[in-house]
Amino acid sequence: MSLLKRIGGTAPVENTPSSSRPATGPSRPDAVTGRPRDEDTFNDIKMRVQNRLISELDPKLDLSNKAKVRKQVEEVFNAILDGESIVVTRSERARLFESIEADIIGLGPLEQLLAEEEISEIMVNGPKQIYIEKRGKLIKTDITFANDDHVLRIIDRIVAPLGRRIDESSPMVDARLPAGHRVNAIIRPLALNGPTLTIRKFRKDKLTIHDLVRFGSMSQEMADFLGACVKARLNVVVAGGTGSGKTTLLNVLSNFIPSDERIITVENAAELQLQQDHVVSLESRPPNVEGRGEVTIRDLVINCLRMRPERIIVGECRGGETLDMLQAMNTGHDGSMTTIHANTPRDAVGRIETMCLMAGMDLPTRAIREQVVSAVSVFVQQSRLKDGARKVTQITEVSGMEGDVIVLQDIFVFEQTGIDEKGKIVGSLRPTGVRPRFIEKFESMNIFLPSHIFGSSNSFGF
């Protein structure tokens, strides 16, 4: 892709004045902050230098070689500033270069947000409004884009390497960044505020079950129990709302899968980061410009059954693929896992029934429920509380059917007891005292849990 197309698609015009005011020379920087007294003046300088920089760089420059591009950009940048006698401080010069470099080979204003580890989500609501999520709280930043086209260029830079597109005929797209961060973009005419971009960041350091216990997301007893469920090849469904941490928990639980098993993952946009060696990752594909070539999650689930999987992990079930997932769990692929959107385990059962009907088969409700009971052993409810904390609030066993009703039994629950003076939710993660029916399966696989793990009401030892 040529440099001009990558940056803006049209040839730059040097010294173009702002549309809202006449062109002016640069003001001297503020002696305290090191920034120009007028932020608009800084943007004028940036546009003048960036336009000249683009016109003087080799249009055939390979932007994938970032080290080489950065060196050439820096050389031309310094020559332009010295040649035009633009007066800026050393810190302002560094800021100017970083901003221009980010626009040319990075993600523009988003680069500094992506670099900050405490930020878990970035939300661009049009060019002039960017929010972040930090420690579970939404915060508005003072960072902005120049205009709609600026945001569109950044979105195109994200999706183009993945073979995806976004335009008026296809105004929504799911994608991912090289670091694994999940991206969703939606543009006009669907997004009335302008191009809207949402980036869900994933930590560089992979979380473990011990981290979740340390953060208070679950108790040590819950961690031991979930580890035993995965090792014993029980089928697990992680349920929760948007942003509750379902994918993170699924990644953590996958660490318990033995390294000698063949795992196949199926996702819309690859997010799972399994640590095992024998992992095959499949990703769905949207239709092309002609509306052809689409490969759905359901197509991939059906296909992966022919790939000799020992465990199948579907990033999220949201449609007809749910029925195929249940059938896979029932036909020799024990230990499979997936996530669904639901507020409680009981709601999760209802959603599974609804999504099975979306497969287009006229199945009676009882038949679907029998499939659920045979396939799913455990529901793990992940929740994002009002104070921003993410916790496992229920671990629930699917214990059978009574008539036409699926019987669910809570093994562990989170009980809220109040709110402290800082607004943090106070509560406890505790066992219910119920001994799950599949304990015998643990024993048959030489997995033994201490007798107190399910609560003091249990007097058994095994």
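Side chains included, hydrogens not; waters and symmetry mates left out as well; all remaining heavy atoms used.
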Interatomic distance, CD@Q416 vs NZ@K391, rounded to 0.5 Å, equals 10.5 Å
Hey, which of I187, N184, I186 is the one that makes side chain to side chain contact (heavy atoms under 4.5 Å, CB included) with M172?
I186
Check whether any side-chain N or O of Q382 sits under 3.5 Å from a backbone N or O of S244 as a donor-acceptor pair, and report yes or no.
yes
What heavy-atom pair brings D211 and K206 nearest, and what distance separates the two atoms?
OD2-O, 4.1 Å
Using 4.0 Å as the upper bound for N to carboxylate O, is an ion pair formed by E118 and R135?
yes
Should the pair E133-R390 be classified as a salt bridge under the 4.0 Å nitrogen-to-oxygen rule?
yes
Without swapping roles, check the side chain of N235 against the backbone of S336 for a donor-acceptor pair under 3.5 Å.
yes
Residue pair T339 / G315: nearest heavy atoms and the distance that separates them
OG1-O, 2.5 Å
Heavy atoms only: give me the nearest E370-M401 pair and the separation to one decimal.
CG-SD, 3.8 Å
Check for a donor-acceptor pair, side chain of E111 on one end and backbone N or O of L107 on the other, with a separation under 3.5 Å.
yes
Under 3.5 Å, is there a donor-acceptor pair between the side chain of T432 and the main chain of D410?
yes
Ionic contact status for D148 with R188, cut-off 4.0 Å:
yes
Evaluate salt bridge (Lys or Arg N to Asp or Glu O under 4.0 Å) for E415 paired with R430, printing each intermediate quantity in order.
CA-CA 8 Å; E415 282 192 350; R430 65 169 186 82; 2.5 Å; yes
Derivation of the side-chain hydrogen bond (donor to acceptor under 3.5 Å, both in side chains) call for D299 and T296:
CA-CA 5 Å; D299 295 331; T296 65; 3.1 Å; yes
Might you point out which heavy atoms bring C304 and P309 nearest each other, and give the distance in Å?
O-CD, 3.1 Å
Side chains of S284 and N268: donor-acceptor distance under 3.5 Å anywhere?
yes
Salt-bridge present (K201, E117; N to O < 4.0 Å):
no
Keeping R165 on the side-chain end and V159 on the backbone end, is there a donor-acceptor pair under 3.5 Å?
no
Atom pair CG/CG of L110 and L197 - distance to nearest 0.5 Å
6.0 Å
Quick one about D167 and S170 (side-chain donor to acceptor, distance below 3.5 Å, no hydrogens or angles considered), yes or no?
no
Atom pair CZ (R233) and NE2 (H333), whose distance is rounded to the nearest 0.5 Å
9.5 Å
Is any side-chain heavy atom of I395 closer than 4.5 Å to one of V378?
yes
After noting the C-alpha distance and the side-chain angles of H341 and R351, does the key distance pass the side-chain contact (heavy atoms from CB on, under 4.5 Å) rule?
CA-CA 8 Å; H341 279 84; R351 282 220 68 212; 3.4 Å; yes
Does the Q276 side chain pair with the main chain of I257, one donor and one acceptor, at a distance under 3.5 Å?
yes
I368 side, atom CD1; L326 side, atom CG - distance, nearest 0.5 Å:
9.0 Å
Which of L323, V314, L282 passes side chain to side chain contact (heavy atoms under 4.5 Å, CB included) with V301? Answer is V314
Check against side-chain hydrogen bond (donor to acceptor under 3.5 Å, both in side chains), N251 and T248:
CA-CA 5 Å; N251 265 321; T248 298; 5.9 Å; no
Is the backbone N or O of I130 less than 3.5 Å from a side-chain atom of T141, with the two atoms forming a donor-acceptor pair by type?
yes
Where do R435 and E440 land on the salt bridge (Lys or Arg N to Asp or Glu O under 4.0 Å) test, with the steps shown first?
CA-CA 11 Å; R435 181 179 188 264; E440 288 77 11; 3.4 Å; yes
Going from CD on E310 to CG on D260, what distance comes out if it is rounded to the nearest 0.5 angstrom?
7.0 Å
Which residues share a side chain to side chain donor-acceptor pair (under 3.5 Å) with R318, sequence neighbours left out:
E316
Could you check whether the rings of F454 and F412 sit parallel, tilted or perpendicular, using 30° and 60° as the cut-offs?
tilted
Given F379 and I352, is the side-chain contact (heavy atoms from CB on, under 4.5 Å) satisfied, shown in steps?
CA-CA 12 Å; F379 283 103; I352 289 175; 3.9 Å; yes
Tell me whether the count of non-hydrogen atoms from other residues, nucleotides or ligands lying under 6.0 Å of CE in M361 goes above 12.
no
Smallest heavy-atom separation, F202 atom then G180 atom, equals CD1-O, 3.2 Å
Could you please spell out the steps behind the side-chain contact (heavy atoms from CB on, under 4.5 Å) verdict for L272 and L250?
CA-CA 8 Å; L272 295 173; L250 197 62; 3.8 Å; yes
Under a 3.5 Å distance rule, please check whether S383 uses its side chain to pair with a backbone N or O of Q381 as donor and acceptor.
no
So, taking the atom named OG1 in T265 and the one named CZ in R311, what distance separates them when rounded to the nearest 0.5 Å?
14.0 Å
So, for K386 and I425, which heavy atoms are closest and what is the spacing to 0.1 Å?
N-CD1, 3.8 Å
When you look at R369 and E353, which way does the side-chain contact (heavy atoms from CB on, under 4.5 Å) test go after all the steps?
CA-CA 7 Å; R369 291 176 180 174; E353 292 178 19; 2.7 Å; yes
For atom CG of D420, decide whether the heavy atoms of other residues, nucleotides or ligands shown that lie under 6.0 angstrom number more than 12.
yes
Can a donor-acceptor pair be found between the side chains of Q129 and N193 at a distance below 3.5 Å?
no
Using a strict threshold of under 4.0 Å (side-chain N to carboxylate O), is an ion pair present between E271 and R200?
no
From CA spacing to verdict: salt bridge (Lys or Arg N to Asp or Glu O under 4.0 Å), R437, E397:
CA-CA 8 Å; R437 297 185 178 185; E397 175 194 18; 5.0 Å; no
